[in-house]
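We number each residue from 1, following the sequence as shown.
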Amino acid sequence: IDRSASMSSPFSAGRTRMEAVKQMFYAFRDRVESLGDAGGHQLGLLQFDGLVETLLEISPDLAAFENCIDSMKVRGSTQTRILSLLEVLL
């Protein structure tokens, strides 16, 4: 999740970009839950702005995933480290 300062910008109908992204991740979490355990689904979560940080290692714990989303806040840096994020992912 991008949590740079740009995420505090308006998105639509009085919501910020961060609020819109959180809603999308809540919907994704709900969809994963609706699939049940048969697929053995696991989620992880990274945040980035001027730094790349792991919020949640790969885990089947959907409540932990939602708690991470709940706690996400915009941080001050406006320079995102997309290349650093890609290095972490690869």
Novice: Might you work through the side-chain contact (heavy atoms from CB on, under 4.5 Å) test for Phe25 and Ile1, ending with a clear yes or no?
Specialist: CA-CA 10 Å; Phe25 273 103; Ile1 293 179; 3.5 Å; yes

Novice: Just so I know, are the side chains of Leu55 and Phe65 near enough to count as touching, which here means a heavy-atom distance under 4.5 Å?
Specialist: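 Not in contact.
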
Novice: Restricting to non-hydrogen atoms, name the atom on Asp2 and the atom on Ser6 that form the minimum distance, rounded to 0.1 Å.
Specialist: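 Of all heavy-atom pairs spanning Asp2 and Ser6, the closest is OD2-OG, 4.1 Å.
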
Novice: Inspect the surroundings of CD in Glu57 and state if more than 12 heavy atoms from other residues, nucleotides or ligands are less than 6.0 Å away.
Specialist: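 Check fails, neighbour count at 12 or below.
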
Novice: Taking the side chain as every heavy atom from C-beta outward, state whether Leu43 and Leu62 have any atom pair closer than 4.5 Å.
Specialist: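 The answer is yes, as the side chains (C-beta and beyond) meet within the 4.5 Å cut-off.
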
Novice: Between Arg3 and Val74, is any pair of side-chain heavy atoms under 4.5 Å apart?
Specialist: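 SC-SC contact between Arg3 and Val74 ruled out.
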
Novice: Kindly indicate whether the side chain of Thr16, heavy atoms from C-beta on, has any atom under 4.5 Å from the side chain of Met7.
Specialist: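 No, every pair of side-chain atoms sits at 4.5 Å or beyond.
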
Novice: Measure the shortest side-chain to side-chain distance between Gln23 and Arg15 over non-hydrogen atoms and say whether it is less than 4.5 angstrom.
Specialist: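 Yes, close enough: below the 4.5 Å cut-off.
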
Novice: So, Ser59 side chain and Asp61 main chain: donor-acceptor pair closer than 3.5 Å or not?
Specialist: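 A pair under 3.5 Å: yes.
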
Novice: Starting at CE of Met72, measure out to NZ of Lys22 and round the result to the nearest 0.5 Å.
Specialist: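 One finds 7.5 Å between CE of Met72 and NZ of Lys22.
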
Novice: I'd like to know if Arg75 pairs up with Glu53 as an ion pair, taking the criterion as any Lys NZ or Arg NE/NH1/NH2 lying under 4.0 Å from an Asp or Glu carboxylate oxygen.
Specialist: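 The answer is yes: the pair qualifies as a salt bridge.
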
Novice: Under 6.0 Å from the OH atom of Tyr26, do we count more than 12 heavy atoms belonging to anything else shown?
Specialist: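 Yes, OH of Tyr26 has more than 12 neighbouring heavy atoms, counting only those of other groups under 6.0 Å.
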
Novice: I'd like to check Leu45 versus Thr54 (side-chain heavy atoms, cut-off strictly below 4.5 Å). Are they in contact?
Specialist: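 No, every pair of side-chain atoms sits at 4.5 Å or beyond.
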
Novice: Please report the interatomic distance CZ(Arg29) to OG(Ser34), rounded to the nearest 0.5 Å.
Specialist: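 With rounding to 0.5 Å, CZ (Arg29) is 10.0 Å from OG (Ser34).
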
Novice: With rounding to the nearest 0.5 Å, note down the distance linking NZ in Lys73 to OG in Ser8.
Specialist: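 Going from the NZ atom of Lys73 to the OG atom of Ser8 covers 13.5 Å.
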
Novice: Between OG of Ser12 and CD of Glu19, what distance do you get to the nearest 0.5 Å?
Specialist: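 It is 10.0 Å, given to the nearest 0.5 Å.
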
Novice: With rounding to the nearest 0.5 angstrom, report the CD to CD1 distance, Gln47 to Ile69.
Specialist: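 Answer for the CD-CD1 pair, Gln47 versus Ile69, is 10.0 Å.
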
